[in-house]
Novice: 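Mind looking over this structure? Questions follow.
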Amino acid sequence: SLVLMVEVFSPMQEQDVAGGVSLDFLWHRSLAVGDYAMRIAEYETHNTPVAQESFTAGLLHKVGMLILATKMSKEFVEVVEQVRGGGISLSEAERDRFGATHGEIGGFLFDLWGLPDAIVKAVTYYDYPSALPEQLYGGGDGNQFNSLTAVHVANYFCSDREGMGDFLGGAHLDSDYLNRLGLAEHLARWFDLCV
């Protein structure tokens with residue numbers, strides 16, 4: 001996971017990142033989300049492979065943002081300014097401008113690279129897991145804890161901890177998704193575990 005993350009970040013240079021997105025911030029945020037996601041998954045499942053895929057997905061969840069900020073920097077700056085202006089979320093602004101969110105762009109890339117489906121789903125839908133078709137939740141019965149859940153909650157906890165409301169528009173908690181999985185009452189335990 002760390003080797004993959006270093007490979008993704010190493011070609012980038014701080015001056016190449018646009019829209020007030022700090023490469024250092026993205027690196028530290030990704031590490032924190034990976035760590036939190038792994039802690040939550042270990043606690044919830046006692047399943048090492050699920051914890052490891054949660055860590056990897058947490059590390060990689062912002063790669064689409066890095067791609068947009070470096071490869072489409074002018075357009076990305078406009079999106080960030082629109083979000084800063086208020087009244088629209090980052091995901092809505094990205095969808096309006098690019099036709100996809102940074103999560104979807106990262107997930108598409110990782111699907112092309114052949115990463116496991118659980119990681120692709122977690123990266124693609126981490127910001128709004130209710131958008132994942134119901135039959136794909138948990139890989140089967142629709143009521144299982146999975147790496148998507150871990151990354152979504154970890155990202156929310158990190159956003160809350162770091163006060164990220166300025167250019168990211170803050171993170172929201174998809175309560176409908178957590179309620180459908182019967183996991184909303186686990187939030188306090190997960191928060192204590194992470195923060």
Side-chain angles (χ1 to χ4, degrees), residues 1-14 16-37 53-84 88-133 136 146-156 158-159 162 164-172 174 177:
S1 300
L2 286 172
V3 170
L4 181 58
M5 192 65 175
V6 167
E7 286 300 313
V8 168
F9 272 81
S10 64
M12 310 297 173
Q13 297 177 358
E14 189 70 32
D16 294 333
V17 182
V21 177
S22 160
L23 188 62
D24 187 54
F25 160 75
L26 285 177
W27 174 256
H28 288 287
R29 172 69 175 269
S30 297
L31 285 172
V33 171
D35 178 47
Y36 284 10
E53 73 187 14
S54 297
F55 178 72
T56 301
L59 280 179
L60 300 174
H61 80 290
K62 292 286 190 201
V63 166
M65 182 180 289
L66 187 62
I67 292 167
L68 290 174
T70 57
K71 303 301 181 193
M72 301 186 79
S73 57
K74 180 179 178 234
E75 295 87 350
F76 187 72
V77 167
E78 292 169 1
V79 164
V80 170
E81 288 172 358
Q82 185 181 12
V83 171
R84 283 183 178 147
I88 190 168
S89 71
L90 180 62
S91 295
E92 292 169 327
E94 288 173 337
R95 188 167 306 287
D96 287 348
R97 182 62 183 203
F98 305 114
T101 67
H102 66 271
E104 292 166 342
I105 291 167
F108 181 74
L109 174 67
F110 296 137
D111 191 40
L112 289 176
W113 287 358
L115 268 65
D117 285 346
I119 292 172
V120 172
K121 287 178 202 173
V123 169
T124 303
Y125 296 104
Y126 84 88
D127 194 39
Y128 191 60
S130 286
L132 178 68
L136 298 178
N146 54 50
S147 56
L148 170 58
T149 309
V151 174
H152 174 67
V153 173
N155 181 64
Y156 175 74
C158 285
S159 177
E162 297 171 6
M164 296 312 308
D166 56 3
F167 78 87
L168 293 180
H172 75 283
D174 190 342
Y177 170 79

Novice: For Ile105 versus Ala100, what's the shortest heavy-atom pair and its separation?
Specialist: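 Answer, listing the atom of Ile105 first, then Ala100: CG1-CB, 4.2 Å.
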Novice: Tell me if the CZ atom of Phe98 is crowded by more than 12 foreign heavy atoms within 6.0 Å.
Specialist: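 Yes, CZ of Phe98 has more than 12 neighbouring heavy atoms, counting only those of other groups under 6.0 Å.
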Novice: Who pairs with Glu81 by side-chain hydrogen bond (donor to acceptor under 3.5 Å, both in side chains), at least two apart in sequence or on another chain?
Specialist: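 If we apply the side-chain hydrogen bond (donor to acceptor under 3.5 Å, both in side chains) test to Glu81, skipping adjacent residues, there are no hits.
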Novice: So which pairs with a foot in residues 97-112 pass salt bridge (Lys or Arg N to Asp or Glu O under 4.0 Å), sequence neighbours left out?
Specialist: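 Those involving residues 97-112 are Glu78-Arg97, Arg95-Glu104.
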Novice: Within this structure, what is the CZ-CG distance for the pair Phe76 and Leu66, rounded to the nearest 0.5 Å?
Specialist: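 Going from CZ on Phe76 over to CG on Leu66, the span is 9.5 Å.
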Novice: Search all heavy atoms of Ala93 against all heavy atoms of Val83 and return the closest pair with its distance.
Specialist: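 Closest heavy-atom pair between Ala93 and Val83: CB-CG2, 3.8 Å.
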Novice: Would a 4.5 Å heavy-atom cut-off, applied to side chains only, mark Thr101 and Asp127 as touching?
Specialist: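 The answer is no; the side chains never approach within 4.5 Å.
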Novice: Work out which heavy atom in Ala171 is nearest to a heavy atom in Asn155; give both atom names and the distance.
Specialist: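 Heavy atoms only, the tightest pair is CB-ND2, 3.6 Å.
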Novice: With Tyr128, which residues qualify under ring pair (Phe, Tyr, Trp, His ring centres under 6.0 Å), at least two apart?
Specialist: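 In terms of ring pair (Phe, Tyr, Trp, His ring centres under 6.0 Å), with neighbours along the sequence ignored, Tyr128 is linked to His172.
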Novice: Is there a side-chain contact between Ser159 and Arg29, using heavy atoms and a 4.5 Å cut-off?
Specialist: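 Result yes, sub-4.5 Å side-chain heavy-atom pair found.
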Novice: Quick one: pull up CD1 in Ile67 and NZ in Lys62 and give me the separation to the nearest 0.5 Å.
Specialist: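 Output value for this atom pair is 13.5 Å.
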Novice: Kindly give the heavy-atom pair with the smallest separation between Ala37 and Ser54, and that separation in Å.
Specialist: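 Answer, listing the atom of Ala37 first, then Ser54: CB-O, 3.6 Å.
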Novice: To the nearest 0.5 Å, tell me how far Thr70 OG1 sits from Met65 CE.
Specialist: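 Going from OG1 on Thr70 over to CE on Met65, the span is 12.0 Å.
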Novice: Thr149: which residues meet the side-chain hydrogen bond (donor to acceptor under 3.5 Å, both in side chains) condition with it, sequence neighbours left out?
Specialist: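 Asn146, Tyr177.
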Novice: Are the side chains of Val33 and Tyr126 in touch, meaning some heavy atoms are under 4.5 Å apart?
Specialist: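 No; the side chains remain at least 4.5 Å from each other.
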Novice: Which heavy atom of Ala154 sits nearest a heavy atom of Tyr36, and at what distance?
Specialist: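 What the structure gives for the nearest pair is CB-CB, 3.5 Å.
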Novice: Identify the heavy atoms of Val123 and Ala57 that sit nearest to each other, and give their distance.
Specialist: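 Closest heavy-atom pair between Val123 and Ala57: CG2-O, 3.9 Å.
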Novice: With sequence neighbours left out, write down each residue that passes side-chain hydrogen bond (donor to acceptor under 3.5 Å, both in side chains) with Glu94, or none if nothing qualifies.
Specialist: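 Partners of Glu94 under the side-chain hydrogen bond (donor to acceptor under 3.5 Å, both in side chains) test: His102.
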Novice: For His152, what residues pass the side-chain hydrogen bond (donor to acceptor under 3.5 Å, both in side chains) criterion, not counting sequence neighbours?
Specialist: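 Testing His152 for side-chain hydrogen bond (donor to acceptor under 3.5 Å, both in side chains), a comparison that skips the adjacent residues, returns none.
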Novice: Tell me whether Ser30 contacts the main-chain N or O of Leu26 through its side chain, where contact means a donor paired with an acceptor under 3.5 Å.
Specialist: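 Yes, Ser30 side chain to Leu26 backbone: donor-acceptor pair under 3.5 Å.
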Novice: With heavy-atom distances below 4.5 Å as the criterion, would you say the side chains of Ile88 and Asp96 are in contact?
Specialist: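 The answer is yes; the side chains approach within 4.5 Å.
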